[in-house]
Amino acid sequence: MSGCEQTGEEKPVAFKPDYQGVQTRLLDGDLVNFQVKMTGARDGSDLDEYAQCAAAQYALIRGYGFARHLRTNVVEEGGTWLADAVYTISPALPRGLKTIDAEVTVSACAENDIPTV
């Protein structure tokens, strides 16, 4: 009967993200809006990472080395996840707790197969 017992352990769900693109909009000077879309996300943190990767690459493209996260709104509709994120980009390390070193972040994104801009 031991084969019929439940162990209480759940089988891990395979993470198979489908990154469906980034829309970037410069709001004002160093203020940038990123809208990212994906399916297969485990939760909103996957969207946060995707937006962060986009922000880091965008900072590098613009010749800056840093970004700072201001806010992210995430919604899920029928298995499709959308995030609306705002970051500032800057040449020097900005003040704040949610700062991003763009080069380090882009490298980590590549290692984790998360696309950038």
Side-chain angles (χ1 to χ4, degrees):
M1 285 292 198
S2 65
C4 297
E5 290 180 27
Q6 292 185 357
T7 62
E9 294 180 29
E10 293 182 26
K11 292 182 181 179
V13 176
F15 179 48
K16 295 182 182 177
D18 180 15
Y19 299 100
Q20 298 181 347
V22 177
Q23 291 182 354
T24 305
R25 187 172 44 151
L26 184 61
L27 299 175
D28 183 41
D30 63 350
L31 193 62
V32 187
N33 174 249
F34 300 92
Q35 295 186 4
V36 298
K37 180 179 177 182
M38 70 184 288
T39 58
R42 295 168 288 204
D43 56 36
S45 65
D46 291 329
L47 275 282
D48 285 333
E49 287 183 35
Y50 188 18
Q52 182 174 315
C53 290
Q57 183 64 53
Y58 184 83
L60 292 177
I61 289 169
R62 300 281 299 207
Y64 295 116
F66 299 93
R68 181 170 60 99
H69 177 255
L70 298 178
R71 68 133 175 96
T72 301
N73 296 319
V74 176
V75 296
E76 185 265 334
E77 297 174 358
T80 299
W81 291 76
L82 307 164
D84 177 22
V86 177
Y87 287 80
T88 59
I89 56 173
S90 63
L93 183 63
R95 290 181 156 191
L97 298 176
K98 296 183 177 183
T99 59
I100 299 166
D101 181 316
E103 286 187 23
V104 171
T105 300
V106 167
S107 177
C109 294
E111 289 176 17
N112 291 308
D113 295 322
I114 302 172
T116 58
V117 175

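Counting begins at 1 with the first residue of the sequence.
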Handout entry: Heavy-atom closest pair, residues G44 and W81
Key = N-CZ3, 3.6 Å
Problem - Joint cluster assignment, F34 & I114, ILVMFWY side-chain distance < 4.5 Å - result: yes
Practice task
Flag the pair L47 / T72 as yes when at least one side-chain heavy-atom distance between them is below 4.5 Å, and no otherwise.
Solution key: no
Fill in the blank from the handout: Tightest non-hydrogen contact, residues V74 and A83, listed as CG2-CB, 4.0 Å
Exercise for the section: Take L31 and L70 through the test side chain to side chain contact (heavy atoms under 4.5 Å, CB included) and record every step on the way to the result. Expected result: CA-CA 9 Å; L31 193 62; L70 298 178; 3.3 Å; yes
Problem - Q23, CD: over 12 other non-hydrogen atoms inside 6.0 angstrom - result: no
Exercise for the section: Report the distance from atom CZ of R62 to atom OG1 of T24, rounding to the nearest 0.5 Å. Expected result: 10.5 Å
Fill in the blank from the handout: Between the CG atom in D46 and the CE atom in M38, the distance rounded to the nearest 0.5 Å is 5.0 Å
Handout entry: R68 side chain vs L93 backbone, donor-acceptor pair below 3.5 Å
Key = no
Handout entry: Donor-acceptor contact present, side-chain D43 to main-chain S45, <3.5 Å
Key = yes
Fill in the blank from the handout: Shortest non-hydrogen pair, D84 vs R71, comes out as O-NH1, 2.7 Å
Practice task
Could you state whether V75 and V36 fall into the same hydrophobic cluster, counting links through intermediate Ile, Leu, Val, Met, Phe, Trp or Tyr residues with side-chain heavy atoms under 4.5 angstrom apart?
Solution key: no
Exercise for the section: Could you tell me the separation between the CD atom of Q57 and the CD atom of E103, rounded to the nearest 0.5 Å? Expected result: 10.5 Å
Problem - Nearest atoms (heavy-atom pairs only) where Y87 meets A67 - result: CD2-CB, 4.3 Å
Handout entry: For D101 against F66, the heavy-atom pair lying closest together
Key = CA-CD2, 3.9 Å
Practice task
State which residue, out of V86, L27, I89, fulfils the side chain to side chain contact (heavy atoms under 4.5 Å, CB included) condition with V32.
Solution key: I89
Practice task
Check step by step if side chain to side chain contact (heavy atoms under 4.5 Å, CB included) holds for Y50 and V22.
Solution key: CA-CA 9 Å; Y50 188 18; V22 177; 3.7 Å; yes
Fill in the blank from the handout: Nearest heavy-atom approach of A102 to A56 is CB-O, 3.5 Å
Exercise for the section: Look up atom NZ in K37 and atom OG1 in T80, then write down how far apart they are to the nearest 0.5 Å. Expected result: 6.0 Å
Exercise for the section: To the nearest 0.5 angstrom, please state how far the CG atom of D18 sits from the OG1 atom of T39. Expected result: 4.0 Å
Handout entry: Spacing of OG1 belonging to T99 relative to NE2 belonging to H69, to within rounding of 0.5 Å
Key = 12.5 Å
Practice task
Decide yes or no for T88 and Y64: does some side-chain heavy atom of the first lie under 4.5 Å from some side-chain heavy atom of the second?
Solution key: no
Exercise for the section: Say whether Y58 and V104 are linked into one hydrophobic cluster, either directly or through other cluster members, by side-chain heavy-atom distances under 4.5 angstrom. Expected result: no
Exercise for the section: For E111 and S107, run side chain to side chain contact (heavy atoms under 4.5 Å, CB included): C-alpha distance rounded to whole Å, both residues' side-chain angles, the deciding distance at 0.1 Å, then the answer. Expected result: CA-CA 6 Å; E111 289 176 17; S107 177; 3.8 Å; yes
